[in-house]
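Have a look at the structure below before the remarks.
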Protein chains: 2
Amino acid sequence: MNTITRIGGYETLNSAPASLHADVVTRLRDYLVEGHLLPGARIPERELCERFEISRTPLREALKVVAAEGLIELLPHRGARVRQFTEVDIRNLFEVIAGYDFVAGRLACARITDDGISAIERLHLEMYAAYLRRELTDYFRLNQMIHLAIVDAAANPVLSANYASANAAIRRLRFSANLLNRDRLSDAMREHEGMIDALRRRAGEELGLLMYAHMQTKRDAVCEFMREQADAS
Amino acid sequence: MNTITRIGGYETLNSAPASLHADVVTRLRDYLVEGHLLPGARIPERELCERFEISRTPLREALKVVAAEGLIELLPHRGARVRQFTEVDIRNLFEVIAGYDFVAGRLACARITDDGISAIERLHLEMYAAYLRRELTDYFRLNQMIHLAIVDAAANPVLSANYASANAAIRRLRFSANLLNRDRLSDAMREHEGMIDALRRRAGEELGLLMYAHMQTKRDAVCEFMREQADAS
DNA sequence: GCGTGTATTTTTGCATTCAAAACCGCGGAG
DNA sequence: CTCCGCGGTTTTGAATGCAAAAATACACGC
């Protein structure tokens, strides 16, 4: 028998067969992150009930939770809408995520195993290969995996949960931004080189600051991209 | 007429007459933070319904949201319990909060007005006075206000919301820890002196690192306190 | 033809209902 | 005496129902 699946207490990351409620929250979040609904679109309660084969009550509970996470917004008597992130929203999110990366870098150096370092080095090499081949999908995926691996190495479930939540909001956006800012890739690669080096030396303070600066740079790149998009339209 | 009260999108901090749902979430959170229920205690659904004069549906929606925040945990078919924070939980929370403080310090220096700095300096002096008089309640309250003021000065609603949420979990605990670790107060005061000085010079990088280190120190003090408490029982 | 006021439909928010699972007290077996 | 099992009660989780608000359709006046 599996262990009890606690909800709250940051245990929802378990892949255990969670309760219906937790399951619905996860499915709803994924559905949104995968971009089936356009930003600003009304969320069709009735339709999602049919899709998930549940009644309105559990769906509405999930909507409130996802709204609290910031993926959607609830307009009184007007239903739920897919959150429209402005440039300022994204900027704010990146600044918080940069803080998570800072903490992750510091703690990871203190807590990661040698095998953990090797694993991240391998990911880094793979990412470098993808960079050379200009395979942006792989590059992006590996990039994400490296950051996640460092966050996980910090061995702090609270950090991991918050990081995941904040990232959900910007995942899609970041990909498009990377796509259109190819020229930024070489800088990002250089920054990653430095990060891996600091990790290898377990220089926590240095890694933390590097990761923070790295995310601030990304923040600026993404925001610039958003402004271009906005101007174009 | 008042503006629309958005929920999600981090607008819930507004003091606007929020929807019933947002209101219930706030009341429930406050009720928990104020410590009316002992950690580990079952949350009496029926009773809270009567207290808040609502039916079970909106209360249960609020329970899921507060569970996602980590204040309570939901045990399938066994109801909601007030979260029992272990020493490890608190340690993890403090590490994340330290990250928020780091970001807040950096951004505040870049964005705060001169008047804002003056206001914080005043709070600092008041806190110093409370420290000299050993008025711990005031000291603690002013301490919190200073940290909050710096976070607000960062002008990042995402940061503010996350900070508030993380702090809710440890507010009570931190107070008891301060109470019993009087000898740590002078160190804390010295650290605060340095922070105010860095803020005055708008030395963001320095302030960020000072605040991070300050919270790490607090983390250790609180965790030590928790271990003592645990050993004593 | 276009804007406006009104009636109808739909959707939302909450209360209530209902089945199922957990709790509880008690009796019996080991 | 302790442990297990069993029926009744309580509590939980989810579906449904219902009133109110919003969206929509539509007719009327300009």
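Quick note: numbers below take in every heavy atom, side chains included, and nothing from hydrogens, waters or symmetry partners. Within every chain, numbering begins at 1; the chains are lettered A, B, ... in the order of the sequence lines, protein sequences first and strands thereafter.
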Self-check item: salt_bridge(B/D30, B/R27) N-O dist < 4.0 Å
Solution: no
Quiz item: Where do A/Y100 and A/F94 land on the ring pair (Phe, Tyr, Trp, His ring centres under 6.0 Å) test, with the steps shown first?
Solution: CA-CA 10 Å; A/Y100 294 144; A/F94 265 99; over 10 Å; no
Quiz item: Does the side chain of B/S165 pick up a donor-acceptor pair with the side chain of B/N162 at under 3.5 Å?
Solution: no
Practice problem: Please report, rounded to the nearest Å, how far the P atom of D/dT11 is from the CG atom of B/L63. | Solution: 15 Å
Practice problem: Output the single nucleotide from C/dA15, C/dG13, C/dA22 whose closest atom is nearest the side chain of A/H77. | Solution: C/dG13
Self-check item: Spacing between A/L74 atom CG and C/dG13 atom P, to the nearest angstrom
Solution: 7 Å
Quiz prompt | Closest to side chain of A/S55, choosing from D/dT16, C/dC14, C/dA15 | solution = D/dT16
Quiz prompt | Whole angstrom value for the distance that separates P of C/dA15 from CD of A/E61 | solution = 14 Å
Quiz prompt | Residue whose closest nucleotide on DNA chain C lies nearer the 5' end, A/E45 versus B/R81 | solution = A/E45
Quiz item: How long is the gap from CG on A/D138 to CE on A/M145, to the nearest 0.5 Å?
Solution: 10.5 Å
Self-check item: B/R42 vs A/E53, nearer the 5' end of DNA chain D by closest nucleotide
Solution: B/R42
Exercise. For A/R46 and D/dG17, give me the distance from atom CZ to atom P, rounded to whole Å.
Key: 11 Å
Practice problem: With the side chain of B/R78 defined as its heavy atoms from C-beta on, choose the nearest nucleotide among C/dA22, C/dT16, D/dT12. | Solution: C/dA22
Quiz item: For the pair made of CD in B/E50 and P in C/dA15, what is the distance, rounded to whole Å?
Solution: 13 Å
Quiz item: What is the distance from CD1 of A/I43 to P of C/dT10, rounded to the nearest Å?
Solution: 21 Å
Quiz item: Given C/dG13, C/dA15, D/dG13, which nucleotide is nearest the side-chain atoms of A/R56?
Solution: C/dG13
Quiz item: Mind checking whether A/H147 and A/N167 have side chains closer than 4.5 Å, heavy atoms only?
Solution: no
Practice problem: Would you kindly give the CG-to-C1' distance between B/L59 and C/dT16, to the nearest whole Å? | Solution: 15 Å
Exercise. Check the distance between C/dT17's C1' and B/R60's CZ and give it to me in whole angstrom.
Key: 14 Å
